[in-house]
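Report on the structure given below.
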Amino acid sequence: MLSTTALQHNHLYQFRGQQLRYSHRSNCRVNAPFIFNDSKGRRKELSQTQVQREVFELNEFCEN
């Protein structure tokens with residue numbers, strides 16, 4: 001289970017087979033959604049429960 005405090009800005013995560021980059025947490029209300037962007041720039045808002053149960057961090061490899 002992923003802790004929502006462990007999310008890092010601009011890191012790559014997987015949700016239901018889709019790769020998403022974490023953008024930020026919305027500050028507009030108490031149960032604010034977590035904002036992710038897919039590779040096409042589309043925004044996806046996930047609840048805290050979805051993040052804890054279904055989001056997994058992916059390791060990225062960089063070429064030097």
Side-chain angles (χ1 to χ4, degrees):
M1 186 154 86
L2 182 68
S3 168
T4 55
T5 57
L7 292 174
Q8 294 184 23
H9 176 72
N10 211 25
H11 276 234
L12 193 61
Y13 296 90
Q14 181 172 336
F15 173 72
R16 297 183 182 173
Q18 187 176 24
Q19 292 182 1
L20 304 170
R21 287 207 181 270
Y22 179 62
S23 182
H24 65 282
R25 182 171 183 187
S26 177
N27 293 324
C28 58
R29 58 186 182 274
V30 174
N31 292 323
F34 292 83
I35 311 299
F36 291 83
N37 293 315
D38 67 9
S39 61
K40 295 180 181 176
R42 288 182 292 215
R43 180 177 159 139
K44 186 176 247 353
E45 296 182 6
L46 303 177
S47 70
Q48 182 172 355
T49 305
Q50 287 176 307
V51 170
Q52 290 175 334
R53 292 183 182 173
E54 301 183 61
V55 172
F56 302 95
E57 185 171 9
L58 298 175
N59 292 322
E60 292 185 76
F61 297 100
C62 298
E63 292 184 27
N64 291 332

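When reading the values below, keep in mind they use all heavy atoms of this one structure, side chains included, and skip hydrogens, waters and symmetry mates.
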Worksheet item: Would Val51 and Tyr13 count as a side-chain contact (heavy atoms from CB on, under 4.5 Å) if you check the C-alpha gap in whole Å, the side-chain angles of each, and the deciding distance to 0.1 Å?
Response: CA-CA 10 Å; Val51 170; Tyr13 296 90; over 6 Å; no
For [X] and [Y], work out which heavy atoms get closest and say how close.
{"X": "His9", "Y": "Ser23", "result": "ND1-O, 2.6 Å"}
{"X": "Pro33", "Y": "Glu45", "result": "CG-OE1, 3.5 Å"}
{"X": "Gln50", "Y": "Leu46", "result": "OE1-CA, 3.4 Å"}

Worksheet item: Between Ile35 and Leu7, is there a shared hydrophobic cluster once you connect ILVMFWY residues whose side-chain heavy atoms come closer than 4.5 Å?
Response: no
Item to complete: First locate atom NE2 of His11, then atom CG of Leu20, and finally report the distance between them rounded to the nearest 0.5 Å.
Response: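 One gets 14.5 Å once the value is rounded to the nearest 0.5 Å.
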Discussion item. The criterion is ring pair (Phe, Tyr, Trp, His ring centres under 6.0 Å); which residues satisfy it with Tyr22, sequence neighbours excluded?
Written reply: Phe36
Discussion item. Can you list, by chain and residue number, the hydrophobic cluster partners of Leu12 when the side-chain cut-off is 4.5 Å?
Written reply: Leu58
Worksheet item: Taking only residues two or more places apart in sequence, or in another chain, which ones meet Glu54 in a salt bridge (charged side-chain N to carboxylate O under 4.0 Å, His left out)?
Response: Arg16
